[in-house]
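Read the structure below first, then the notes.
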Amino acid sequence: MLRSTILAAARSGGCRKVVENVPVTRAIVDRFVAGDRLDEAVAVTDELIASGRSISLDHLGEDTTDAEQAAATVRAYRELLGELKRTGLAAHAEVSVKLSAVGQFLPRDGERTALENARLICEAAADAGTTVTLDMEDHTTTDSTLGIARRLREDFPWLGVVLQAYLHRTEADCREFSGPGSRVRLCKGAYQEPSSVAFQSRAEVDRAYVRCLKVLMAGEGYPMVASHDPRLIRIAGQLAEWNGRKPDSFEYQMLYGIRPEEQERLVEAGGTMRVYLPYGSQWYGYFMRRLAERPANLTFFLRALASRG
Ligand code: FDA
């Protein structure tokens with residue numbers, strides 16, 4: 001109930017104005033977001049890479065219905081990739097892209113625009129010597145996003161996709177995307193979804209995650225285990241071992257600011273650990289999804305609001 005309310009607020013313009021304009025919000029946002037500017041994101045990337053972690057950078061923004069805004073996002077990614085190349089960070093840093101930020105929801109030719117824009121980002125990534133992963137948004141976009149991924153993978157076979165374990169369809173999608181060279185980031189799923197398409201209880205989602213993980217670990221691709229859940233991380237390690245996978249044939253992924261000690265532990269244990277690192281001024285939707293995931297984050301936020309001034 002609480003989770004659905006926060007996730008509904010994540011898409012409300014009115015709530016956005018209120019949350020963005022409360023000064024105390026910024027300090028809490030900073031826990032999850034590297035900063036507004038490119039140089040801040042690059043500095044945090046540099047620091048995390050020095051600690052043995054790899055990175056996937058996300059230029060924040062989503063759900064645009066404005067072609068110019070979509071083009072500006074593409075320019076921001078190309079600038080970012082140029083900077084990763086120039087600083088030598090591209091060897092350990094890739095980018096994550098939301099298709100709704102590069103045109104998928106434009107009223108005319110949205111899907112074609114998103115494909116062309118994502119292609120421009122993939123070209124810049126190839127030039128920098130790194131990769132791109134397409135984030136996954138709510139279930140109404142899954143077919144379109146996977147369709148665009150299939151097209152892009154013809155030219156950029158290293159393109160990664162995100163699959164969400166909470167969707168009923170995902171085990172089958174894992175089978176399709178577990179072939180040679182395929183990079184799949186498996187996460188639980190962060191959006192409010194109806195029971196017609198998604199498992200609703202934590203236990204069901206966790207069981208679905210394990211079923212999907214079994215398919216990916218037994219497959220020929222490169223599984224990316226995106227979870228902070230200690231039990232799932234343990235199971236992923238066991239499945240990798242049972243399938244004879246070496247530590248460089250799969251990776252763990254976590255969000256910036258969440259369970260950093262566990263991130264360090266996995267690096268020390270010899271695993272590949274990639275941190276998803278968002279930056280930019282459009283942090284509202286991302287921030288609200290992080291609040292929805294954990295009641296303690298929300299309580300902390302509300303306490304800070306109540307004590308301001
Ligand atoms: P779960 O929510 O059960 O959390 C397990 C434990 O992790 C908690 O008990 C707590 O200790 C810690 N934790 C989790 N969330 C926390 C938070 N917000 N604050 C503090 N602690 C927290 N989703 C999506 O729909 N599309 C996408 O493209 C992506 N991309 C993505 C990339 C990466 C690298 C990650 C790690 C996650 C995503 N997600 C995502 C988000 C994902 O779907 C999911 O909502 C969150 O990862 C939370 O699920 P967990 O698997 O961590 O388990």
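When a ligand or atom number is given, it counts from 1 through the structure's own listing order.
L213 and F177 fall within a single hydrophobic cluster, where Ile, Leu, Val, Met, Phe, Trp and Tyr are joined by side-chain heavy atoms under 4.5 Å apart, directly or via other members. L80 and L120 fall within a single hydrophobic cluster, where Ile, Leu, Val, Met, Phe, Trp and Tyr side chains are chained together by heavy-atom contacts under 4.5 Å.
You'll find the side chain of L57 stays beyond 4.5 Å of the side chain of Y77, heavy atoms only. Contact check for L163 versus R185: no side-chain heavy atoms found under the 4.5 Å cut-off. The shortest distance between side-chain heavy atoms of T272 and Y222 falls below 4.5 Å.
Comparing C187, S96, S56, A226 against atom 40 (C) of ligand 1, the shortest heavy-atom distance belongs to C187. Proximity annotation for atom 45 (O) of ligand 1: of E293, R294, M254, R274, E293 comes nearest, heavy atoms only.
Put simply, OG1 on T145 and NZ on K98 are 11.0 Å apart, with the number rounded to the nearest 0.5 Å.
Atom 19 (N) of ligand 1 has N297 ND2, 2.7 Å as its closest protein atom, hydrogens excluded (heavy atom only). Nearest non-hydrogen protein atom to atom 50 (P) of ligand 1 is S227 OG, 3.7 Å. Summary of contacts: the protein heavy atom closest to atom 37 (C) of ligand 1 is L255 CD2, 3.7 Å.
For a threshold of 3.5 Å applied to N or O pairs, the pair formed by R290 and ligand 1 contains at least one separation below that value. Where the criterion is an N or O separation shorter than 3.5 Å, residue side chain and backbone included, K188 meets it with respect to ligand 1. Residue M136 places at least one N or O, backbone or side chain, under 3.5 Å from an N or O of ligand 1. In terms of N/O distances under 3.5 Å, ligand 1 is approached by R202. Considering backbone and side-chain atoms together, H228 places an N or O closer than 3.5 Å to an N or O of ligand 1. Backbone and side-chain nitrogen or oxygen atoms of G189 are examined, and one is located within less than 3.5 angstrom of a nitrogen or oxygen of ligand 1.
Using cut-offs of 30° and 60° on the angle between ring planes, the pair F199 and H168 is perpendicular.
Using modelled atom types and a 3.5 Å distance limit, the side chains of S195 and Q200 yield no donor-acceptor pair.
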